[in-house]
Amino acid sequence: MLDPKFLRNDIQETANKLATRGFVLDVELMNQLEEQRKTLQVTTETLQSERNSRSKEIGLASKRGEDITSLRLEMGKLGEELDAAKEQFTALAEQLKNISSAIPNLPHESVPLGQGEAGNIEISTWGSRKEFDFEVKDHVDLGEALGGLDFKSAVKISGSRFIVMQGQIAKLHRSLAQYMLNLHTNEHGYTEMYVPLLVNADSLFGTTQLPKFGDDLFNTKPATEEGIGMSLIPSAEVPLTNMSRDMIYDESELPIKITAHTPCFRSEAGSYGRDTRGLIRQHQFDKVELVQIVHPEKSFEALEEITAHAEQVLKNLQLPYRKVVLCTGDMGFSATKTYDLEVWVPAQNSYREISSCSNVGDFQARRLQARFRPTGVKKPELVHTLNGSGLAVGRTLVAVLENYQLADGRIEIPTVLQPYMGGLTHIG
RNA sequence: GGUGGGGUGGCCGAGUGGCCGAAGGCGCUCCCCUGCUAAGGGAGUAACGGGUUUAUAGCCUGUUCGAGGGUUCGAAUCCCUCCUCCACCGCCA
C-alpha cells in the first residue's frame, strides 16, 4: 500500500513513477473519487458529530427529569440521514481501498528504467565456469541415472511439477538447507524460526499476495462457515514478515533478522509450458528465507547486506553466479528495489534465478501496521521490511548436480557439504 | 469436541447504558529535590483517519475497548455469530 498522501497530493508524479513499471494509474478517476470521498466523509462526520452532541443533551435532559419524547423523534430523522450517508461513504471507501490495494510500490530512484527482463542490468559476476571436456548432462538425466530424482513417482502420487527424491540426493538436498540455515544463523546474525505453512487471509494481505495474486496460491477448503480457508505459503516471507504485524517495536530492537527453512507452494498459474522439465519450476519446493525488519533510514543498506548473505552461500558452494539489479518493469509488486542472483546452469548454458532480494520499504509495513517508536519521540513510525532467498534449495540442488558432475555421471560433493553427508566426497 | 472464565491504552489492570477515550499502577518524557547512586515530589503521556493549514504545529471533528452484526436518541457496558487465550474433562502424535 502506498502512502495515501502520494495519491492525493502528488498524484501526477506518482502516476509517472508507476508508469516506469508499466502500471497505468487513472489519475482522473482517482481525483474524482478522492473529491467525492472528501465531501462524503465531511458530511457523514458532521452528522455523526451532531448525533453525538444531541444524544448527550438527551442524556442530560432525562437526568433532569424532563420529557424527551420529542427530542427522540427528531433524532430518528437524523439517524436515517446518517445511515444513508454512511452507506454511501463505506461503499466509496471500499472502492478506493480496492483500487489502492492493487497499486504496486514505487521504484527507488536508483532502479534502472526498463520494460522486461531485458532491461535488467548485470552488476557483477562471480566464480569461474568449469570447462567440461565431455558433454554435460542436465540435472534430470544425472539425477535419474543415479536413482535420486524420481519424476515418475511424483506424477503418480501428485501430478506434474512435483518431485520424489531418494537416497543420497534426498540427503544432499537436506544438507543444502541445513548448511544455509547454519550459515545464516551462525555467521550472519539471523534467528532461526519454525513457522506455520498454512496462513490466513490477513497475513496474505499483509505481504501483498492478496488481493491481486490469489491465483498463484494453493488454498485449503473453507475452514469456517464464512468460507475463509487458509492458504499454503508461497514463501516463508509470509509468516516471517507477518511476525511484525500490529507491532510497535522499540527502536533498540531493530534490526530484526529472522530466517526459516520451509517448503513453498505455488500454483504457477500462467506459466504453462515454461520450465516443464526438471526441478526449476515446481509446485512445491524448499527455500531458506531471510527477512529483516529495519529502521527506515537503514533499508537500502540492509538490502546490500541481505544480498551479500545470499551471495555468501553461492560463494561457499563455489557456484558461479551473477548479480542483477531488476529494472522498473521487471520488479515484483511490492519492491522498491530488487537484486536477483542467478546461478550458472551448465546444461542450459545460462544463468538462472536462484535468489531474489528486495527492499520493500514501508509498503508492506503500512498494511501490517508494523511500526517502531523512535527513541525520545512520541509518534510511532512505519518500519521497512526486506526479504531475500538465501537460497532456493531445489534450484541450488540443480546447480550443484550440474556444476559438480563428472564424466562418468557421478557428482562431486562441495567441500562445505561433506560434513553434512557423513564425509562422503561423491555421489554415485 | 464439552464445560466454565477471560480478551480494555506501550505494558498491567479497574470499569454492567450517558458525567468513560476510559480509574489506578508500571514504563516513558520534562521539571524539582538530592555530595554520587538509590529513593522522593510535581506535571505530561493511546492509536488511526478527515477538515483547515506552508506545517508530521495549532484548532475543529470522526473512528477505535478481540472481529463482525444487532438493540438504543445514546454501547467498553445489553443481545447474536465468529476468532482467540486460560482452566478442567475427553481425544490424540
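Here is how names work: the chains are called A, B, and so on, in the same order as the sequence lines, proteins then strands, and each is numbered from 1. What you are looking at is a predicted structure, and each value in this text was computed from that prediction instead of being measured.
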Using atom [atom1] of each nucleotide, how far apart are [N] and [M] to the nearest Å?
N      : M      : atom1 : result
B:rU8  : B:rC85 : P     : 14 Å
B:rC30 : B:rG68 : C1'   : 43 Å
B:rA23 : B:rA76 : P     : 15 Å
B:rG58 : B:rG15 : P     : 35 Å
B:rG7  : B:rA14 : P     : 8 Å
B:rA39 : B:rG17 : C1'   : 45 Å
B:rA67 : B:rC28 : C1'   : 31 Å
B:rG4  : B:rG9  : C1'   : 29 Å

Atom [atom1] of [X] to atom [atom2] of [N]: distance rounded to whole Å?
X        : N      : atom1 : atom2 : answer
A:Glu74  : B:rC73 : CD    : P     : 14 Å
A:Arg366 : B:rC48 : CZ    : P     : 12 Å
A:Asn200 : B:rC83 : CG    : P     : 13 Å
A:Glu251 : B:rG27 : CD    : C1'   : 17 Å
A:Lys86  : B:rG49 : NZ    : C1'   : 15 Å
A:Met247 : B:rA46 : CE    : C1'   : 17 Å
A:Asp246 : B:rA67 : CG    : P     : 11 Å
A:Arg245 : B:rA67 : CZ    : C1'   : 13 Å

Specify the closest pair of heavy atoms between A:Asp3 and A:Arg366, including all atoms of both residues, with the distance to one decimal.
->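 So the two residues come closest at N-NH1, 3.1 Å.
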Base, sugar-phosphate, or nothing for A:Arg371, non-hydrogen atoms under 4.0 angstrom?
->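 Sugar-phosphate: the residue A:Arg371, judged by heavy atoms under 4.0 Å, touches backbone atoms but no base.
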Distance-only donor-acceptor pairs under 3.5 Å for side chains of residues 69-87 of chain A, two or more places apart:
| from | atom 1 | to | atom 2 | distance (Å) |
| --- | --- | --- | --- | --- |
| A:Thr69 | OG1 | A:Asp67 | OD1 | 3.2 |
| A:Thr69 | OG1 | A:Asp67 | OD2 | 3.1 |
| A:Glu74 | OE1 | A:Arg54 | NH2 | 2.5 |

Does A:Lys5 pair with A:Asp10 as a salt bridge, N-O distance under 4.0 Å?
-> no
Got a salt bridge between A:Glu34 and A:Lys38, using NZ or NE/NH1/NH2 to carboxylate O under 4.0 Å?
-> no
Report yes or no: is the cationic atom of A:Lys337 (NZ for Lys, CZ for Arg) closer than 6.0 Å to the six-membered ring centre of A:Phe363, at no more than 45° off its axis?
-> no
Would you give me the side-chain donor-acceptor pairs under 3.5 Å for residues 414-428 of chain A, sequence neighbours excluded?
| from | atom 1 | to | atom 2 | distance (Å) |
| --- | --- | --- | --- | --- |
| A:Gln418 | NE2 | A:Ile413 | O | 2.9 |
| A:Tyr420 | OH | A:Asn182 | ND2 | 3.0 |

By side chain to side chain donor-acceptor pair (under 3.5 Å), which residues pair with A:Asn387, not counting sequence neighbours?
->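 Side chain to side chain donor-acceptor pair (under 3.5 Å) check on A:Asn387 returns A:Glu237.
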Of A:Arg373 and A:Glu381, whose closest RNA chain B nucleotide lies nearer the 5' terminus?
->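 Looking at the nearest nucleotide for each, A:Arg373 comes out on the 5' side.
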Tell me the ring-ring contact (aromatic ring centres under 6.0 Å, His included) pairs involving residues 8-59 of chain A, sequence neighbours left out?
-> none
Could you give the side-chain donor-acceptor pairs of residues 151-160 of chain A under 3.5 Å, partners two or more places apart or in another chain?
| from | atom 1 | to | atom 2 | distance (Å) |
| --- | --- | --- | --- | --- |
| A:Ser153 | OG | A:Asp150 | OD1 | 3.2 |
| A:Ser153 | OG | A:Asp150 | OD2 | 2.5 |

Pairs under 3.5 Å (N/O, protein and nucleotides 54-62 of chain B):
| from | atom 1 | to | atom 2 | distance (Å) |
| --- | --- | --- | --- | --- |
| B:rU61 | O3' | A:Ser49 | OG | 3.4 |
| B:rG62 | OP1 | A:Asn52 | ND2 | 3.2 |
| B:rG62 | O3' | A:Gln48 | OE1 | 3.2 |
| B:rG62 | O2' | A:Gln48 | OE1 | 3.0 |

Under a 4.0 Å heavy-atom cut-off, which of residues 33-40 of chain A touch RNA chain B?
-> A:Arg37, A:Lys38
Could you go over nucleotides 18-22 of chain B and give all protein N or O partners under 3.5 Å, atom names and distances?
| from | atom 1 | to | atom 2 | distance (Å) |
| --- | --- | --- | --- | --- |
| B:rG18 | N2 | A:Ser55 | O | 2.6 |
| B:rC19 | N3 | A:Lys63 | NZ | 3.0 |
| B:rC19 | N4 | A:Lys63 | NZ | 2.2 |

Between A:Tyr190 and the options A:Gln292, A:Glu289, A:Lys257, the side chain to side chain donor-acceptor pair (under 3.5 Å) test singles out A:Gln292
By side chain to side chain contact (heavy atoms under 4.5 Å, CB included), which residues pair with A:Asn52, not counting sequence neighbours?
->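 Listed in chain order: nothing, the list is empty.
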Contacts of A:Ile123 that satisfy side chain to side chain contact (heavy atoms under 4.5 Å, CB included) - sequence neighbours left out |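 Residues passing side chain to side chain contact (heavy atoms under 4.5 Å, CB included) with A:Ile123: A:Lys323, A:Val325, A:Tyr339.
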Under 3.5 Å, side-chain donor or acceptor atoms of residues 191-202 of chain A against the rest of the protein: list the pairs with distances, not counting sequence neighbours.
| from | atom 1 | to | atom 2 | distance (Å) |
| --- | --- | --- | --- | --- |
| A:Asn200 | OD1 | A:Asp202 | N | 3.3 |
| A:Asn200 | OD1 | A:Ser203 | N | 3.0 |
| A:Asn200 | OD1 | A:Ser203 | OG | 3.2 |

When the ring planes of A:His309 and A:His188 are compared, do they come out parallel, tilted or perpendicular, using 30° and 60° as the limits?
->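 Parallel.
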In which stems does RNA chain B show up, taking only runs of three or more Watson-Crick or G-U wobble pairs whose two distances fall under 3.5 Å?
-> B:1-7 with B:83-89, B:10-12 with B:24-26, B:27-32 with B:40-45, B:46-52 with B:58-64, B:66-70 with B:78-82
Between A:Phe265 and A:His283, is the gap from one ring center to the other below 6.0 Å?
-> no
